[in-house]
There are 2 protein chains.
Amino acid sequence: MDNMQEKFHNLFQKHGIFIKVNKDNKIFLEGERAKEIYYIKTGAISISQETENGKELTIRICGPDSIIGEDALFCNLTYNSMTAKVLERSSLYVLSRESLELLLVEQPDLMVEYMKWLQTENLKHQSRLRDLVLNGKKGALFSTIIRLSNTYGKPIENDTIYIDLPLTNTEIANLCATSREMINRMLNDLKKHNIISFEKGYITIHDLQFLKDEIACENCPLQICRID
Amino acid sequence: MDNMQEKFHNLFQKHGIFIKVNKDNKIFLEGERAKEIYYIKTGAISISQETENGKELTIRICGPDSIIGEDALFCNLTYNSMTAKVLERSSLYVLSRESLELLLVEQPDLMVEYMKWLQTENLKHQSRLRDLVLNGKKGALFSTIIRLSNTYGKPIENDTIYIDLPLTNTEIANLCATSREMINRMLNDLKKHNIISFEKGYITIHDLQFLKDEIACENCPLQICRID
DNA sequence: AAAATGTTTGACCTTTTTTGACTAACTTTA
DNA sequence: TAAAGTTAGTCAAAAAAGGTCAAACATTTT
């Protein structure tokens, strides 16, 4: 955990309320008044948008030490643009918007940290936009796997990375803005060529470089090329 | 111009250097060390990324009162992730990163404004990601036209909006992550159905509602649904 | 064991991309 | 200023990619 996350962890721990939430619960809903900010201590939470015609796009999948619900700080009246769904039982610190605003104003160095974090979020979104849009659905999937690897990957042996987060094809499809059938086909294709393997929702990457090469991955900083 | 932009305008006017730049010049380049922040007084500037395989994606087209080059505030050593190209002769205020950092720390209320602005940028990117990815290339174009309308549109008579920014098909294609042929075909289609018309690079919208309906546009706030 | 949820596959259809050929408009240079 | 070169726009046909639907199978949960 780097310095910034430590500062925020301390802040939320000191001033926030600690809660636990079960799988499939919603932390907040798209369209609702935005009142609180959350710091994830354990678990996994997805941030997504749904459109009228029933499509769903997942913007982030957040794990420990992520901040969520951050769209509305210092704005009088705003509504969540996203829904936060609990993917696996999670624990989080909750802080009211007003409290966080006050705390940040009192501690300018924290405000600077928060700003840096917002900037990083921006860069993440920009690079994700590029990845999802510029190399077709295959590019979207490959980029998503690379980001999952950078965010939840555990190296298990020489060049083999285990993604320690169970995902259904549907969840991956929502990250890639495509159908689960498409994801299924592409994943099986990668398995056939020994690029990845998977079992019970857990993906293991055997040839990360192949995925990177396919989408002309320019090795952007690891704190940017993430899914959280 | 709203209050926030006025504050920044004053700040840049007071502390920045005023420069003029001709069409097709670059303000900064992808990969270069990021040293300065810019406030656009007049003109039009595109912010885009190029990939190894020659594709280009334009993230923003900025006009008067936009801030550009903002990716790296309070970070010691960072590089531009984008290239800024001058679309039409522009004038801007330049401020070194260090100066802006100092000024923001001295004036906490400005820091808050800057943060709010960063948040808005984030929401813009998120909604653009959704638009570009969720409704195919047609959705990408329609969303782009709607955003251009919200950003550069001048109402000329009942429900007719003139987009006061000349764009080539190639430039529109880069905004939509597709080819200029595709854009050409779709624009002609829209013209045939009297949704839009265009002449010498200037688009006029005759039926904005049609475009909105086609992509199930949920009328998000006007400060979010923009291209700058 | 039944129900619910998720996966796999094939067939079929639609959209998007690519390619190539041609024209118009604009720049550069001789 | 005319010729040559470059960039942009137009159009059509073929190929590739992606989406949808239905049916069968597998796996968790209840």
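Every chain is numbered from 1 and lettered A, B, ... according to where its sequence line falls, protein lines coming before strand lines. Atoms considered below: every heavy atom in the structure, side chains included; atoms not considered: hydrogens, waters and symmetry mates.
Remark: B:Asn169 is not in phosphate contact with D:dA8, judged by side-chain N or O atoms under 4.0 Å from OP1 or OP2.
The interatomic distance linking B:Met186 (CE) with D:dA12 (C1') rounds to 17 Å, in whole Å.
The C1' atoms of five pairs define one axis at each end of the helix from C:dA1-D:dT30 to C:dA30-D:dT1, and these two axes lie 50° apart (to 10°).
Listed by residue number, the members of residues 132-146 of chain A with any heavy atom below 4.0 angstrom from DNA chain D are A:Gly136, A:Lys137. Against DNA chain D, the stretch residues 172-183 of chain A makes heavy-atom approaches under 4.0 Å through A:Thr178, A:Ser179, A:Glu181, A:Met182.
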Determine all donor-acceptor pairs shorter than 3.5 Å in which one atom belongs to a side chain in residues 176-185 of chain A; sequence neighbours excluded.
unit_1, atom_1, unit_2, atom_2, d
A:Ser179, OG, A:Met182, N, 3.3
A:Asn184, OD1, A:Asn188, ND2, 3.3

Show the atom names and distances, to 0.1 Å, of all donor-acceptor pairs under 3.5 Å that link a side chain in residues 153-161 of chain B to residues at least two apart or in another chain.
unit_1, atom_1, unit_2, atom_2, d
B:Thr160, OG1, B:Asn158, O, 3.4

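Heavy atoms of other residues, nucleotides or ligands lying less than 6.0 angstrom from CD1 of A:Ile17 number 12 at most.
In terms of the side-chain hydrogen bond (donor to acceptor under 3.5 Å, both in side chains) criterion, residue partners of B:Glu121 (sequence neighbours excluded) are, by chain and number, B:Lys124.
With a 6.0 Å cutoff to the six-membered ring centre and a 45° limit on the axis angle, A:Lys212 does not count as a cation-pi contact of A:Phe142. A cation-pi arrangement, defined by a distance under 6.0 Å to the six-membered ring centre and an angle within 45 degrees of its axis, is absent between B:Lys41 and B:Tyr93.
Sequence order on DNA chain D of the closest nucleotides to B:Thr168 and B:Arg185 puts B:Thr168 first from the 5' end.
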